Undergrad: 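Following this message is one structure expressed as structure tokens.
Ligands are counted one by one from 1 in listed order, and the atoms in each one are counted from 1 as well. Keep in mind that this is a model prediction, so the values were computed, not measured.
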Amino acid sequence: MQGKFISFEGPDGAGKTSVLNQIQSDLEAEIGKEQVMYTREPGGNHISEQIRRVLFSPENTDMDGRTEALLFAAARRQHIVSEILPGLKAGKVILCDRYVDSSIAYQGAGRHLGEDDIWRMNQFAIDGLLPELTVYLDVESELGIRRIAEHRSNQVNRLDKEKLAFHQTVRQAYLRLYHQFPERIKLIDASQPLEKVVEDVRRVIHTRFPDLFQAEN
Ligand code: TYD
């Protein structure tokens with residue numbers, strides 16, 4: 001089987017982690033554990049995990065926005081080389097928790113660095129590698145923030161603490177990306193109950209890659 005690169009995106013509190021866990025186990029049951037690779041940005045290998053620690057350390061609240069954007073892009077580059085390209089070469093389905101769209105939305109829009117500039121800067125990092133499918137979990141900012149407060153108050157990171165306006169700006173940028181790349185990005189209403197969201201994500205993956213989930217459909 002040919003490798004497939006699928007990214008998952010969404011504002012904080014969209015439920016991305018829960019959805020991804022479920023999608024990963026469904027896929028593993030369907031096509032075999034060794035065919036599926038879950039990985040996350042920034043991270044996935046020892047170099048990117050070190051960059052992740054610098055990015056999310058509560059000590060680094062004085063980090064410059066451009067520094068932050070460059071570090072995300074550096075972590076992304078290493079992640080591509082260490083994880084994604086070898087996974088694709090081995091024919092795996094790669095479920096990637098965040099990719100370049102996160103930088104456009106969070107650094108480009110959220111931090112006002114400019115979506116076009118962040119896009120251009122990231123071209124050097126990704127060197128043309130875009131996912132075949134991006135699943136965008138859309139949630140209204142108020143609900144997203146409420147979910148973070150309810151479920152993960154013990155592990156809120158530096159970036160989670162941004163104000164409502166930041167979350168709204170991030171979401172608007174995601175919606176612009178969705179309209180800009182309708183072929184690649186599919187929007188899922190993540191305000192629905194988890195089961196329904198998972199069902200919708202499965203349908204989108206199935207439509208895009210009909211050879212997966214073959215046994216059921
Ligand atoms: P993480 O703890 O992985 O949470 P989540 O489940 O929301 O993905 O934190 C990722 C945070 O990093 C999230 O707030 C979005 C942010 N981020 C950026 O700002 N730019 C990026 O390029 C990426 C990949 C993530």
Undergrad: Would you confirm whether Thr169, through its side chain, and Ala165, through its main-chain N or O, come within 3.5 Å as a donor-acceptor pair?
TA: yes
Undergrad: Any ion pair linking Glu59 and Arg53 (charged N to carboxylate O, less than 4.0 Å)?
TA: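 Looking at Arg53 and Glu59, the cut-off is not met.
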Undergrad: Let me confirm one number: the OG1-CZ distance from Thr134 to Phe5, rounded to the nearest 0.5 Å.
TA: 7.5 Å
Undergrad: Check ligand 1 against Ser103 and write out every atom of the ligand that is under 4.0 Å from a heavy-atom position of the residue.
TA: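 Heavy-atom distances to Ser103 below 4.0 Å select 21 (C), 22 (O).
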Undergrad: Return a yes/no value for Glu41: is any of its N or O atoms, backbone included, closer than 3.5 angstrom to an N or O of ligand 1?
TA: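 No, Glu41 has no N/O under 3.5 Å of an N/O on ligand 1.
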Undergrad: So for ligand 1, is Glu68 a polar contact partner (N or O within less than 3.5 Å, distance only)?
TA: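 No - when backbone and side-chain N and O of Glu68 are compared with those of ligand 1, no distance drops under 3.5 Å.
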Undergrad: Can you confirm, on distance only, whether ligand 1 has an N/O atom lying under 3.5 Å from any N/O atom belonging to Arg76?
TA: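 Min N/O separation from ligand 1 is below 3.5 Å for Arg76.
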Undergrad: Pick from Glu30, Lys4, His206: which one makes a side chain to side chain contact (heavy atoms under 4.5 Å, CB included) with Leu212?
TA: Lys4
Undergrad: Heavy-atom contacts with Lys16 under 4.0 Å: which atoms of ligand 1 show up? List them by number with element.
TA: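 So the answer, numbered in order with elements, is 5 (P), 6 (O), 8 (O).
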Undergrad: Given side chains that start at C-beta, do those of Arg171 and Glu140 come closer than 4.5 Å, heavy atoms only?
TA: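 Yes, their side chains come closer than 4.5 Å.
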Undergrad: Pick whichever of Arg98, Arg52, Arg111, Arg40 has a heavy atom sitting closest to atom 2 (O) of ligand 1.
TA: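 Residue with the shortest heavy-atom distance to the ligand atom: Arg52.
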Undergrad: Could you list the atoms of ligand 1 found under 4.0 angstrom from a heavy atom of Asp12?
TA: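 Counting atoms of ligand 1 from 1, those under 4.0 Å from Asp12 are 7 (O), 13 (C), 14 (O).
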Undergrad: Answer yes or no: is there a side-chain heavy-atom contact under 4.5 Å between Arg66 and Gln107?
TA: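 Arg66 does not reach Gln107 side chain to side chain.
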Undergrad: Report the residue from Ser103, Ser48, Ser102 that forms a side-chain hydrogen bond (donor to acceptor under 3.5 Å, both in side chains) with Arg76.
TA: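 Among the candidates, only Ser103 passes.
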Undergrad: With atoms numbered from 1 as shown, which atoms in ligand 1 lie under 4.0 angstrom from a non-hydrogen atom of Thr17?
TA: 6 (O)
Undergrad: From atom 12 (O) of ligand 1, work out which of Phe56, Tyr99, Phe166, Tyr106 has a heavy atom at the shortest distance.
TA: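 It is Phe56 whose heavy atom sits nearest to atom 12 (O) of ligand 1.
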